[in-house]
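Have a look at the structure below before the remarks.
Just so we're on the same page: letters track the sequence lines, and every chain starts at 1.
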Amino acid sequence: MRIATYNINGVNRRLENLLSWLEVVRPDVVCLQELKAETSAFPIEAIEAVGYGAVWQGQRSWNGVAILARGATPVLTRRALPSDRYDEQARYIEAAVNGILFASLYAPNGNPRPGPKFDYKLAWMKRLIDHAGGLVAAGVPVVLAGDYNIVPTDDDIYPGHREADNALLQPESRVTFERLLSQGWGDSLRAVYPQGPLWTFWGYLRHRWRDDKGMRLDHLLLSPSLQPRLAAAGVSREARAAEGASDHAPVWIELAPVRKAPAATSGPSRSRSTARSRGRKRPMTERARR
DNA sequence: ATGACTATATTCTATAGA
């Protein structure tokens with residue numbers, strides 16, 4: 001199952017970029033952010049025409065989130081975070097597809113700092129953490145996908161940057177991301193690529209794309225039960241390189257199918273995988289202790 | 001300190017983004 005998150009930066013302005021990317025990558029589920037369109041202006045007919053169903057929450061001018069599913073309509077579970085007093089800001093939508101719960105979230109930017117926008121960023125993240133904690137406690141399989149507007153570590157921004165005042169890098173911002181992970185969520189891109197550049201955003205200003213000076217802002221967090229199924233991950237840089245592209249690239253993961261319990265009549269394929277697991281090295285923690 | 005770039009609404013200018 002291929003899952004992607006994509007800050008599209010205007011779903012109507014970039015509809016052709018979105019459709020051509022969908023037709024090439026064919027993800028099973030896509031979480032979109034920054035629709036920049038009212039709910040009534042979401043291009044559902046064009047999206048259905050390439051084989052996707054969708055749920056979405058729009059807003060005039062800014063924000064806006066959606067969840068797309070190939071060959072299915074996601075089952076909506078909520079259109080905002082609980083106790084969200086800022087419902088006019090369309091930043092969260094949640095829906096189930098094939099037994100997995102998906103959230104598409106667009107966290108506040110928070111600049112300039114200090115100020116009310118930074119306060120709102122931290123307050124919104126606290127509401128996300130409260131809700132996410134409930135999802136982990138419930139034990140359901142969940143993917144929290146979206147633009148978190150947080151650079152988690154110094155390894156997630158181009159070297160030599162001068163962004164020290166940026167709300168996306170502040171310790172208070174990073175702590176909220178760490179609190180999420182400490183609930184048990186797995187940062188899937190870093191699970192596959194533990195170190196090194198993994199940019200998902202390159203600003204339009206100052207030739208950031210040409211110079212490959214990016215940041216990692218878009219994250220796919222997996223609930224504990226899904227983490228063993230993580231098979232591959234990547235950033236669709238070709239979409240950022242395209243004409244008229246969003247300033248974000250799509251980020252994707254591949255989840256392996258659920259392994260079925262061995263049936264009594266299982267054939268030769270089972271013995272092969274058993275042999276492979278027998279030859280596996282001992283876990284890192286065990287080796288490290290010696 | 002400012003603007004550079006790209007978007008939408010407030011539209012020959014302002015606001016937001018990151």
Side-chain angles (χ1 to χ4, degrees), chain A residues 5-18 21 31-43 56-66 86 88-92 104-125 128 145-177 189 197-219 235 237 239-251:
Chain A
T5 183
Y6 192 2
N7 179 322
I8 192 68
N9 188 17
V11 69
N12 287 307
R13 168 67 182 78
R14 268 175 254 290
L15 186 55
E16 290 310 312
N17 296 67
L18 173 64
W21 172 76
C31 296
L32 295 178
Q33 302 86 33
E34 280 211 85
L35 303 178
K36 292 187 173 180
E38 298 205 51
T39 299
S40 59
F42 186 78
W56 64 94
Q57 181 64 35
Q59 177 191 335
R60 185 163 121 162
S61 309
W62 315 117
N63 309 319
V65 284
Y86 299 84
E88 71 274 14
Q89 297 203 20
R91 295 184 178 276
Y92 188 93
S104 179
L105 64 96
Y106 176 50
N109 173 299
N111 282 306
R113 177 200 67 93
K117 293 195 173 185
F118 191 64
D119 296 342
Y120 176 48
K121 177 190 186 79
L122 297 182
W124 193 93
M125 286 303 293
L128 175 64
D147 178 357
Y148 286 71
N149 267 318
I150 292 172
V151 173
T153 74
D154 291 340
D155 209 24
D156 297 310
I157 183 167
Y158 64 96
H161 70 86
R162 282 182 279 181
E163 308 263 1
D165 290 333
N166 194 326
L168 282 58
L169 280 68
Q170 297 313 305
E172 302 98 304
S173 306
R174 288 176 168 175
V175 161
T176 64
F177 193 73
L189 267 285
L198 267 179
W199 319 143
T200 69
F201 165 86
W202 299 256
Y204 292 124
L205 280 61
R206 304 179 185 180
H207 306 291
R208 294 297 199 225
W209 170 250
R210 183 198 68 186
D211 299 341
D212 195 21
K213 291 182 172 177
M215 312 179 190
R216 191 170 77 98
L217 307 180
D218 302 273
H219 309 301
V235 178
R237 292 176 68 111
R240 180 63 181 83
E243 186 83 18
S246 167
D247 41 7
H248 294 251
V251 183

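Here the CD-OG1 distance, from A/Gln33 to A/Thr5, works out to 3.5 Å after rounding to the nearest 0.5 Å. Separation of atoms CZ (A/Phe201) and CG (A/Asn149) is listed at 8.5 Å; rounding is to 0.5 Å.
Between A/Glu172 and A/Leu122, the shortest heavy-atom contact is O-CD2, 3.8 Å.
Legend: residues meeting salt bridge (Lys or Arg N to Asp or Glu O under 4.0 Å) with A/Asp155, ordered by chain and number and at least two apart, are A/Arg190.
A side-chain donor-acceptor contact under 3.5 Å links A/Gln89 and A/Tyr120. If you check the side chains of A/Asp218 and A/Thr200, you find a donor sitting under 3.5 Å from an acceptor. A/Asp247 and A/Trp202 form no side-chain donor-acceptor contact under 3.5 Å, judged by distance and modelled atom types alone. Side chains of A/Asn9 and A/Tyr204: a donor-acceptor N/O pair is present below 3.5 angstrom, by distance only. Of the N and O atoms on the side chains of A/Tyr6 and A/Glu34, not one donor lies less than 3.5 Å from an acceptor on the other residue.
The P atoms of B/dT15 and B/dT11 are separated by 12 Å, rounded to the nearest whole Å. Here the separation of B/dA4 from B/dT13, taken at their P atoms, is 15 Å to the nearest Å. Separation of the P atoms belonging to B/dA14 and B/dA18 is 22 Å when rounded to the nearest angstrom. Of the P atoms belonging to B/dT10 and B/dC5, the separation is 26 Å, rounded to the nearest Å. B/dT2 and B/dT6 have their P atoms separated by 22 Å, given to the nearest Å.
The distance from atom CZ of A/Arg162 to atom P of B/dA4 is 18 Å, rounded to the nearest whole Å. Put simply, OH on A/Tyr148 is 15 Å from P on B/dA18, counting in whole angstrom units. Remark: C1' of B/dA4 and CD of A/Glu163 are 14 Å apart, rounded to the nearest angstrom. The nearest whole Å value for the distance from the CZ atom in A/Arg13 to the P atom in B/dC5 is 16 Å. If you measure from atom CZ of A/Phe118 to atom P of B/dA18, you get 15 Å, rounded to the nearest angstrom. Note: CD (A/Glu38) to P (B/dT8) measures 13 Å, nearest angstrom.
No side-chain heavy atom of A/Tyr92 sits less than 4.5 Å from a side-chain heavy atom of A/Ser104. With a 4.5 Å cut-off on side-chain heavy atoms, A/Tyr158 and A/Arg208 count as touching.
Annotation: of the two residues near DNA chain B, A/Gly10 and A/Leu168, the 5′-most nearest-nucleotide partner is A/Gly10. Toward the 5' end of DNA chain B, the nearer of the two residues A/Pro108 and A/Gly244, judged by each one's closest nucleotide, is A/Gly244.
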Check: protein-nucleotides 11-17 of chain B nitrogen or oxygen pairs below 3.5 Å:
{"unit_1": "B/dG17", "atom_1": "OP2", "unit_2": "A/Lys117", "atom_2": "NZ", "d": "3.4"}

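For A/Arg14 (side chain) and A/Ala245 (main-chain N/O), a donor-acceptor pair under 3.5 Å exists by modelled atom type.
The residues A/Arg174 and A/Asp154 are annotated as salt-bridged, a charged nitrogen and a carboxylate oxygen being separated by less than 4.0 angstrom.
The residue A/Asn12 sits apart from the nucleic acid: no heavy atom pair falls under 4.0 Å. Across all strands shown, A/Arg14 has heavy atoms under 4.0 Å from sugar-phosphate atoms exclusively, and none from any base.
Of all the residues in residues 150-160 of chain A, not one reaches under 4.0 Å from DNA chain B with any non-hydrogen atom. Residues from residues 206-216 of chain A that place a heavy atom under 4.0 Å from any atom of DNA chain B, listed by number: A/Arg206, A/Met215.
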Give the dot-bracket string for DNA chain B, reading 5' to 3', where a pair is Watson-Crick or G-U wobble with both distances under 3.5 Å, ( ) marks pairs inside the strand, [ ] marks pairs crossing earlier ones, | marks a partner on another strand, and . marks unpaired.
....(((((...))))).
Output a table of donor-acceptor pairs, distance under 3.5 Å, between side-chain atoms of residues 110-118 of chain A and any protein atom two or more places apart or on a different chain; print 'none' if there are none.
{"unit_1": "A/Asn111", "atom_1": "OD1", "unit_2": "A/Ala167", "atom_2": "N", "d": "3.0"}
{"unit_1": "A/Asn111", "atom_1": "ND2", "unit_2": "A/Asn109", "atom_2": "OD1", "d": "3.1"}
{"unit_1": "A/Asn111", "atom_1": "ND2", "unit_2": "A/Asn166", "atom_2": "OD1", "d": "2.9"}

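Using bins of under 30°, 30° to 60° and over 60° for the plane-to-plane angle, the ring pair A/Tyr148/A/Phe177 lands in the perpendicular bin.
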